Amino acid sequence: MINANTPERPVWGPGKERMGQAPQQADRTAAVTPSDWARALMRYREPIAARSWFELGITLIPFTAIWGLAWGLISFSPVLAFALAVGNTAFLVRLFMIQHDCGHGAFFKSRTLSDWIGRGIGVLTLTPYDVWRRNHAIHHSTTGNLDKRGVGDIPTLTVREYEAKGRLGRGLYRLLRHPAFLFVVVPFYTFFLQNRVPVGQMRSGWQYWFSAMATNAAIGTGLCMVAWFGGPEVVFVVILPTLFLAAMTGMWLFYVQHQFEDTVWDRNCDWNIQSAAFHGSSHYVLPGILRWITANIGVHHVHHLASRIPFYRLNEVLRDHAPLADAQRITLKDSLQCARLRLWDENSRRLVFYKDARGRLSN
């Protein structure tokens, strides 16, 4: 729900120097708020059934075929089989993004069809669909809210909160925010362990428990069948590398989408859901092949404003609305710097490095 008393940060129309910032001689009548954009984007929400089936087919069929080919080659060349498994990460990441659209009801007009497609893909991505969908909805409804951190986001402290912690607390936070921990340990924990039991949702309804257990049963059955017919080496050389690398990739994408220097965090009294959705989400500008693999998830500022838009229509949005194409742009080179950002500075209103925060409170 939008905080009615909280003004929205404007997004400036075509011809302005930078989104979210008014040039010295800007025409104030050109200001467009995120809520204005959200209303304008409603016309892109309609999924195209034939296109959705096509996108699913050109992702799932190659994914299955590559795993099958790697399985067949493992007795001749484990190295080649492993290489194919690594390459298949691209298709598994794309399947997760299709599952993501299903969770938003954006992939098919039928919510029931979207949900069952999402549940099926959830077995391949090690993600209980109904549990993930609920957590992800919380993420969308609380993104950028400093008073509602903790569900579906990267743990982020403010400079003041970090300074208030003792040596042990700071050390633990540094460990948690270290790239090796964030992009290796956390993906393993999240997809291989945490997703197995819906901790924190046991009292929210039987469907979340059932979703997790049914997904676990399907995953376990599938792995046992692979091991029985192909041997354990197929599991360890073909299946697990694809799953783990896809989990790492997903964690990186989620990080960059919200952990960039000019992101936005606010206390609840100042927080506005539309402004947070737009200004707190990046536009990760990727090369064409990576945009295809990631199903345009880099157009995250638009996605958070209008989550019902199918991923294959996001390029259409950018073509039609130049200001959105220019907003919050982060290149591959820029994103590498994002991995070093650690703390939210409420004074300068930006995400900063540890070194930038030193002495800030005493000034």
Side-chain angles (χ1 to χ4, degrees), residues 8-12 16-23 34 37 139-140 142-149 152-163 170 173-183 186 249-267 270-287 290-291 294 297-305 318 323-361 363:
E8 292 187 72
R9 178 180 166 190
V11 182
W12 297 92
K16 306 310 174 198
E17 293 176 358
R18 184 178 175 186
M19 301 300 293
Q21 293 185 359
W37 279 119
H139 162 67
H140 269 258
T142 61
T143 186
N145 192 322
L146 286 170
D147 296 317
K148 295 183 179 180
R149 287 168 284 178
D153 53 27
I154 303 293
T156 305
L157 292 179
T158 68
V159 172
R160 190 172 298 276
E161 289 167 342
Y162 178 77
E163 292 292 337
R170 293 184 192 181
Y173 183 74
R174 282 178 173 269
L175 172 63
L176 182 60
R177 296 283 303 204
H178 192 280
F181 191 88
L182 268 180
F183 306 121
V186 173
T249 303
M251 183 59 65
W252 170 253
L253 290 170
F254 183 73
Y255 180 92
V256 173
Q257 287 155 8
H258 296 286
Q259 297 280 318
F260 57 102
E261 184 177 3
D262 294 324
T263 190
V264 170
W265 288 83
D266 283 299
R267 294 294 174 182
D270 298 319
W271 180 80
N272 178 285
I273 190 170
Q274 299 288 15
S275 289
F278 184 83
H279 296 291
S281 305
S282 68
H283 177 196
Y284 197 17
V285 184
L286 297 170
L290 294 183
R291 288 200 305 272
T294 60
I297 198 65
V299 191
H300 213 62
H301 60 317
V302 175
H303 167 68
H304 262 260
L305 271 182
L318 298 185
L324 295 180
D326 293 335
Q328 279 89 266
R329 292 172 66 91
I330 295 177
T331 65
L332 273 174
K333 182 179 179 180
D334 297 333
S335 68
L336 298 179
Q337 285 282 57
C338 292
R340 298 176 54 235
L341 297 170
R342 300 288 190 268
L343 302 166
W344 173 251
D345 186 343
E346 293 185 87
N347 294 327
S348 66
R349 294 192 55 75
R350 63 190 182 96
L351 212 60
V352 299
F353 307 124
Y354 289 126
K355 64 180 179 65
D356 295 330
R358 293 190 191 123
R360 190 69 56 86
L361 295 176
N363 295 335

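Keep in mind that what you see is a predicted model, and the values were worked out from it rather than measured.
When all heavy atoms are compared, the tightest approach of Val299 to His283 is CA-CD2, 4.1 Å. Closest heavy-atom contact between Leu341 and Tyr255: O-OH, 3.2 Å. Shown here for Ile330 and Val256, the closest heavy-atom pair between the two residues is CD1-O, 4.3 Å. Residues Gly280 and Phe260 share a closest heavy-atom pair of O-CE2, 3.7 Å. Contact record, Ser335 with Tyr284: OG-OH, 2.8 Å, taken as the closest heavy-atom pair. When every heavy atom of Pro287 is checked against every heavy atom of Leu332, the shortest pair comes out as CD-CD1, 3.8 Å.
The side-chain heavy atoms of Arg342 and Val352, taken from C-beta on, include no pair separated by under 4.5 Å. Looking only at side-chain heavy atoms (C-beta outward), Asp153 and Thr143 stay at 4.5 Å or farther from each other. No side-chain heavy atom of Arg170 sits under 4.5 Å from any side-chain heavy atom of Tyr173.
A salt bridge links Arg149 to Glu161: one of the charged nitrogens lies within less than 4.0 Å of a carboxylate oxygen.
Put simply, CG on Asn145 and CD1 on Ile273 are 9.5 Å apart, with the number rounded to the nearest 0.5 Å. Here the straight-line distance linking atom CD of Glu346 with atom OG1 of Thr158 works out to 5.0 Å at 0.5 Å rounding. Atoms CG and CZ, from Leu286 and Arg291 in turn, are 7.5 Å apart once rounded to the nearest 0.5 Å. Separating the CD atom in Gln337 from the OG1 atom in Thr331 is a distance of 10.5 Å, to the nearest 0.5 Å. Between the OH atom of Tyr354 and the CZ atom of Arg340 there is a distance of 11.5 Å, given to the nearest 0.5 Å. We find the CZ-CG distance between Phe278 and Asn272 to be 13.0 Å, quoted to the nearest 0.5 Å.
Of the candidates His303, His140, His301, His300, His258 forms a ring pair (Phe, Tyr, Trp, His ring centres under 6.0 Å) with just one, namely His300.
For the side-chain contact (heavy atoms from CB on, under 4.5 Å) test, residues two or more places apart in sequence or in another chain that qualify with Leu176 are Pro155, Phe181. In this structure, His178 has no ring pair (Phe, Tyr, Trp, His ring centres under 6.0 Å) partners at least two apart in sequence or on a different chain. Partners of Asp266 under the salt bridge (Lys or Arg N to Asp or Glu O under 4.0 Å) rule, at least two apart in sequence or in another chain, are Arg349.
Arg174 and Tyr162 share a donor-acceptor pair across their side chains, judged by distance under 3.5 Å alone. Judged purely by distance below 3.5 Å, without hydrogens or angles, the side chains of Thr156 and Arg177 pair a donor atom with an acceptor atom.
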